[in-house]
Amino acid sequence: MEKWKFEDLKLSEEINKAVEDMGFEEASPIQSQAIPYILTGKDVIGQAQTGTGKTAAFGIPILEMVDLESRVPQAVILCPTRELAIQVAEELKRLSKYKKDIGILPIYGGQPIERQIKALKKGIQIIIGTPGRVMDHMRRRTLKMGTVKKVILDEADEMLDMGFREDIETILDKIPEDRQTILFSATMPRAILDLTKKYQKDPQLVKVVHKALTVPSIEQIYFEVKQKMKAEILCRLIDMYNPKLSLIFCNTKKKVDELVNTLQIRGFFADGLHGDMKQQQRDRVMTKFRNGTIDILVATDVAARGIDVDDVEAVFNYDVPQDEEYYVHRIGRTGRAGRTGRAFTFVVGREIYKLRDIQRYAKTKIKLRQVPSISDVQEVKTSEFIEKVKETVEQGHLSQYVHWIEKLTEEEYTSLDIAAALLKIAVTSENKEDTVEDDYNDTGAAAGMVRLFINVGRNHRIKAKDIVGSIASNTGISGRVIGTIDIYDKYTFVEVPREYAREVLVLMKDNSIKGSKINIEPANRK
Ligand code: AMP
């Protein structure tokens with residue numbers, strides 16, 4: 001598996017700067033291989049799945065080759081779905097942040113065509129579209145292919161599965177023959193090979209070949225999560241399993257810094273390691289991790305390469321790794337020297353396909369688990385504590401404490417109440433989330449519900465259905481379980497079941513409803 005530093009790929013200053021801002025530390029394996037080939041102008045077949053960095057693998061060379069002086073269509077990227085088209089356009093916009101005034105436009109069905117026509121007139125150089133809508137524009141002559149020099153078929157296998165073959169062929173037939181044709185596909189079935197034979201000239205196949213690696217025999221678990229919930233769930237897992245040392249992997253430097261910050265704010269002893277840090281800084285962090293001053297280390301793959309610590313009891317793939325080999329390297333950091341080890345992987349949406357590839361490559365089984373709720377965490381912590389209490393009773397030597405309890409019982413407290421209160425203090429003082437949990441107790445909601453305050457109301461044209469719609473679509477909880485909604489001029493109260501309150505607060509944070517950015521918090525009874 002060959003990997004390059006972005007500097008070695010001889011890219012423009014503008015792209016290098018953008019890549020740095022995005023926090024990419026190193027080109028992913030598919031990028032290391034595909035970028036140099038695409039830059040030569042030859043036809044390329046890239047075999048890569050979502051999550052490998054494939055968008056930048058074709059996006060970077062395309063951005064490098066666009067003639068910025070000429071404001072005509074130069075590259076067309078075909079995608080199977082509108083979501084992917086939008087995602088690709090966003091990634092290209094981020095990558096071209098320092099390329100002055102480059103015209104990038106996603107065009108897809110479902111969006112008013114007039115708006116797209118108006119945008120196309122502004123001199124777009126890179127068009128990212130679904131085949132149907134691209135054809136539509138060609139027919140209306142609002143998109144002319146005569147000046148197009150590069151065409152990229154992204155997720156070509158998906159497009160064929162969705163029945164776009166004819167559309168793709170019609171589009172390719174209209175693009176001048178002296179073009180460069182690039183095809184990316186996760187799989188290479190017959191139909192794809194036929195397409196490449198017909199439309200590509202002497203294409204170079206680029207794919208990542210892996211060394212066989214053995215996976216340690218440790219418990220491997222994955223959770224299906226929403227991006228915004230990752231930090232919350234990570235904290236729950238650490239609270240629940242209480243690993244001696246934890247190693248958390250993120251795909252970018254930026255994420256490492258953000259996560260370290262979040263964990264420190266929540267009171268965890270965490271620090272980060274990434275390629276931007278000087279050797280001296282890294283050594284300092286590693287010493288802290290080895291001697292237990294911190295028990296959570298957040299790192300990128302590159303930075304973690306040299307780490308050799310025996311007591312890591314849990315590895316977290318906060319981001320699914322971009323390459324199958326990374327997964328094996330990452331989880332190999334735990335379960336060493338006969339110790340117990342666990343590997344947890346957070347999977348968002350379509351990353352599940354990446355996880356399938358990993359399992360196939362590593363010949364391993366990663367099991368799906370339900371995300372633990374706050375009460376699961378409480379339960380585990382409480383039963384652990386009760387075990388400790390039992391042990392302490394067995395050991396005896398308690399007379400000095402019995403004396404205090406006796407004094408309390410004389411003040412008309414029952415020993416049962418005292419014990420329960422002590423248990424509550426003991427398990428909740430350790431639980432860093434509990435202060436927030438307590439905020440739910442006095443919101444003036446119906447039993448089992450929590451009343452939330454949102455700072456938008458009638459003046460912002462908010463109706464009950466907007467609140468329900470927004471909560472349901474952002475959190476995935478059913479609109480039916482949402483309780484009373486009271487809308488006032490400037491704010492709204494909404495009741496949600498207690499077990500969902502935290503999810504709603506995390507997932508709704510910083511969202512907008514009807515164009516107004518919202519603030520949401522537990523309601524104040526007074
Ligand atoms: P893709 O495979 O194109 O869907 O990319 C998956 C994710 O990886 C996107 O969020 C990219 O921004 C990110 N990404 C792409 N290249 C790199 C890289 N070299 N290092 C870290 N993240 C990357």
Side-chain angles (χ1 to χ4, degrees), residues 1-9 11 15-36 38 46-63 77 79-81 83-97 106 128 152-158 182-187 206-208 226-228 230 249-259 274-276 298-305 317-327 330 345-358:
M1 183 177 61
E2 208 179 347
K3 275 170 297 177
W4 295 47
K5 293 215 170 305
F6 277 103
E7 303 94 80
D8 300 334
L9 290 167
L11 304 170
I15 292 285
N16 279 332
K17 251 166 68 186
V19 160
E20 181 65 33
D21 282 4
M22 288 164 86
F24 298 176
E25 191 146 81
E26 197 176 57
S28 73
I30 193 70
Q31 290 164 356
S32 305
Q33 300 206 34
I35 293 174
I38 299 178
Q47 185 165 3
Q49 177 74 263
T50 308
T52 53
K54 69 174 168 66
T55 313
F58 64 75
I60 289 175
I62 294 298
L63 289 169
I77 302 170
C79 298
T81 62
E83 287 74 27
L84 186 62
I86 295 170
Q87 218 174 291
V88 169
E90 280 171 357
E91 180 97 340
L92 291 194
K93 280 183 189 155
R94 279 192 293 266
L95 286 166
S96 64
K97 179 171 163 198
I128 302 114
I152 295 96
L153 307 180
D154 189 14
E155 304 203 350
D157 49 355
E158 249 340 83
I182 297 156
L183 177 145
F184 266 76
S185 186
T187 59
V206 179
K207 67 173 185 181
V208 180
K226 290 214 163 63
Q227 190 69 35
K228 272 188 169 176
K230 280 186 178 179
F249 285 95
C250 298
N251 285 356
T252 63
K253 300 181 264 194
K254 212 166 150 184
K255 281 254 189 78
V256 169
D257 288 338
E258 284 167 5
L259 183 57
H274 59 60
D276 274 359
V298 188
T300 56
D301 294 284
V302 180
R305 226 160 264 163
N317 294 307
Y318 197 74
D319 296 319
V320 175
Q322 292 192 312
D323 187 89
E324 292 89 316
E325 268 185 48
Y326 293 178
Y327 179 83
R330 286 179 179 189
T345 304
F346 291 171
V347 176
V348 181
R350 276 159 47 93
E351 287 172 355
I352 191 73
Y353 296 110
K354 194 87 238 309
L355 201 73
R356 246 187 244 166
D357 278 0
I358 291 172

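This is a predicted model, so every value here is computed, not measured. Read the numbers this way: they start at 1 and go in the same order the structure lists the ligands and their atoms.
In terms of protein heavy-atom proximity, atom 7 (C) of ligand 1 is closest to Q322 NE2, 4.5 Å. The protein non-hydrogen atom at the shortest distance from atom 6 (C) of ligand 1 is G51 CA, 3.7 Å. Scanning the protein for heavy atoms near atom 19 (N) of ligand 1, the closest one is E26 O, 2.8 Å.
Remark: ligand 1 atoms within the under-4.0 Å shell around heavy atoms of F6 are 19 (N). Listed by number with element, the atoms of ligand 1 under 4.0 Å from a non-hydrogen atom of S28 are 19 (N). Close contacts between ligand 1 and T252 involve ligand atoms 21 (C), 22 (N) [criterion: under 4.0 Å to a heavy atom]. Per-residue contacts place N251 under 4.0 angstrom from the following atoms of ligand 1 (heavy atoms of the residue considered): 21 (C).
Legend: residues meeting salt bridge (charged side-chain N to carboxylate O under 4.0 Å, His left out) with E25, ordered by chain and number and at least two apart, are absent.
With values rounded to the nearest 0.5 angstrom, I352 atom CD1 is found 12.5 Å from T50 atom OG1.
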With a cut-off of 3.5 Å and sequence neighbours excluded, list every side-chain donor-acceptor pair involving residues 83-92.
from : atom 1 : to  : atom 2 : distance (Å)
E91  : OE1    : R94 : NH2    : 3.1

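Remark: the T187 side chain and the Q49 side chain contain no N/O donor-acceptor pair separated by less than 3.5 Å.
When heavy-atom distances to ligand 1 are checked against a 4.0 Å cut-off, F58 has no atom that comes that close, whether in backbone or side chain.
Ion pair K254/D21 not flagged as a salt bridge, since none of the NZ, NE, NH1 or NH2 atoms sits closer than 4.0 Å to an Asp/Glu carboxylate oxygen.
Aromatic pair F58/F184: ring centres closer than 6.0 Å.
For atom 21 (C) of ligand 1, the protein comes within 4.0 Å by at least one heavy atom.
With hydrogens and angles ignored, the 3.5 Å screen pairs no side-chain donor or acceptor of K253 with any backbone N or O of D276. In this structure, D323 contributes its side chain and E325 its backbone to a donor-acceptor pair below 3.5 Å. A donor-acceptor pair under 3.5 Å is absent between the side-chain atoms of S185 and the main chain of Q47, judged by distance alone.
Considering backbone and side-chain atoms together, A56 places no N or O closer than 3.5 Å to any N or O of ligand 1. Between Q31 and ligand 1, a contact under 3.5 Å exists for at least one N or O pair. The N/O atoms of E91, backbone and side chain alike, include one that comes under 3.5 Å of an N/O atom in ligand 1. Distances between N or O atoms of G53 and those of ligand 1 include at least one value under 3.5 Å.
Evaluated for a side-chain contact (heavy atoms from CB on, under 4.5 Å) with P61, the options I15, L11, L9, I35 yield exactly one hit, I35.
Within the structure, the closest approach of R94 to ligand 1 does not fall below 4.0 Å when heavy atoms are considered.
The residue among V302, T55, L95 with a heavy atom at the shortest distance from atom 3 (O) of ligand 1 is T55.
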